[in-house]
Amino acid sequence: MLRFDIITIFPDYFRLIFDYGIVRRARAGSLIEINTHDLRGWTQNRHRTVDDRPFGGGDGMILKPEPVFAAVEDLTGARQRSELKNETRVVLLSPQGCVFDQKLAAELSEAEQIVLICGRYEGVDERVAERLTTDEISIGDYVLSGGEAAAAILVDAIVRLVPGALGSETSAINESFSEGLLDYPHYTRPPDFRGSRVPDILLGGNHAEVAQWRRRAALRKTKRNRPDLLERIVLSETEKAWLDEEGIGDES
Ligand code: ADE
């Protein structure tokens, strides 16, 4: 079973967020366990201080290393990264991290324990990233007021990839990013909605034609919304010709 331990100064933030959908079901079925921990529980002084001013000057407060190291030691048994078990990941959420993607989600889904450290204030003392964590992860190139929302996003993306979490009726294989492309467009009834029609091929039931339509539509959407992804995958000559025909940017 994969166990998440979230270290935060706002444990209440997570009170309901894991009680829905696939994450709730994975917890109920004991595929995963999620525990949230108040960082202030590992402070020593009366004021339960977790932050302090930055050396060198500047605005804002910095999360102190002592409570973070103490929390991770209690939760993993390791005093620093070199003592961690191979199956344990200790992740610092911060805008300075490497950018989270589906590949990293898949890698993390194979762990036995994932400790998520939510940064706050202006930053976290660098010795946490230097000596304690296996990963420093950002969810994108923008600054949040803390790592809590980012931690919730990691949990969601990782849990979906734990075997059994999606159930037999759905699978992660055809989703966006699974082959380096965005997902193809989906339609359901009615076939004509306010004059906008579902493509005829999808109504026809010819599986080969449907598969080809979907591949082409996925390429078209990726070219339009995420052209950066196309540079990282190998396309067939036919697919390159399709993309040349799309003329994206020409239409309104
Ligand atoms: N904390 C603040 N901004 C963040 C981001 N973009 N990703 C992860 N943690 C963060």
Does the R131 side chain pair with the main chain of R81, one donor and one acceptor, at a distance under 3.5 Å?
no
Answer whether the closest heavy-atom distance between the side chains of V90 and I117 falls below 4.5 Å.
yes
Those residues that, when tested against D228, pass side-chain contact (heavy atoms from CB on, under 4.5 Å) (two or more places apart)
R226, R232
Extract all donor-acceptor atom pairs below 3.5 Å that involve side chains of residues 140-152 and protein atoms in other chains or at least two apart in sequence.
residue, atom, partner, partner atom, Å
Y142, OH, I139, O, 3.1
E148, OE1, R120, NE, 3.0
E148, OE1, R120, NH2, 3.1
E148, OE2, T8, OG1, 2.6

pair L2-I158: side-chain heavy atoms closer than 4.5 Å
yes
Any donor and acceptor pair, going by atom type alone, linking the side chain of R25 with main-chain N or O of A165 inside 3.5 Å?
yes
Who are the side-chain contact (heavy atoms from CB on, under 4.5 Å) partners of N86, not counting sequence neighbours?
none
Before you tell me yes or no, could you show the steps for E246 and R216 under side-chain contact (heavy atoms from CB on, under 4.5 Å), namely the whole-Å CA-CA distance, both residues' side-chain angles and the distance that decides it to 0.1 Å?
CA-CA 10 Å; E246 292 302 336; R216 188 168 178 162; 3.4 Å; yes
If we ignore hydrogens and angles and just use 3.5 Å, is the side chain of T36 paired with the main-chain N or O of I6 as donor and acceptor?
no
Can you pull the side-chain hydrogen bond (donor to acceptor under 3.5 Å, both in side chains) pairs that have at least one residue in residues 46-56, sequence neighbours excluded?
N45-T49
Is there a donor-acceptor pair closer than 3.5 Å between any side-chain N or O of S196 and the backbone N or O of F193?
no
Is a side-chain N or O of T133 found less than 3.5 angstrom from the main chain of E136, in a donor-acceptor match?
no
Considering only distance and modelled atom types, tabulate donor-acceptor pairs under 3.5 Å from the side chains of residues 57-77, sequence neighbours left out.
residue, atom, partner, partner atom, Å
D74, OD2, W42, NE1, 2.7
T76, OG1, V72, O, 2.7
T76, OG1, A78, N, 3.0

With H186, which residues qualify under side-chain contact (heavy atoms from CB on, under 4.5 Å), at least two apart?
D183, Y184
Can you tell me which residue pairs pass the salt bridge (charged side-chain N to carboxylate O under 4.0 Å, His left out) test with a partner in residues 97-115, sequence neighbours excluded?
R89-E107
With no hydrogens and no angle check, is any side-chain donor or acceptor of K223 less than 3.5 Å from a backbone partner on L230?
no
Give the cluster check for M1 versus I114: same hydrophobic cluster or not, with ILVMFWY residues linked at side-chain heavy-atom distances below 4.5 Å.
no
On a heavy-atom basis, the closest approach of L181 and A218 is CD1-CB, 4.2 Å
Tell me every residue that passes side chain to side chain donor-acceptor pair (under 3.5 Å) with R79, counting only those two or more places apart in sequence or in another chain.
none
Measuring only between side-chain heavy atoms, which start at C-beta, is L116 closer than 4.5 Å to I7?
no
Linking Ile, Leu, Val, Met, Phe, Trp and Tyr by side-chain heavy atoms under 4.5 Å, what else ends up with I201?
Y187, V198, L202, L203, V210, W213
side-chain contact (heavy atoms from CB on, under 4.5 Å) partners of E179, counting only residues at least two apart:
R215
Can you list every pair that meets side-chain hydrogen bond (donor to acceptor under 3.5 Å, both in side chains) and has a residue in residues 150-159, with sequence neighbours left out?
none
Which pairs, with at least one residue in residues 201-213 and sequence neighbours excluded, count as a salt bridge (charged side-chain N to carboxylate O under 4.0 Å, His left out)?
none
Which atom names give the shortest non-hydrogen contact between D135 and L108, and what distance separates them?
OD1-CD2, 4.5 Å
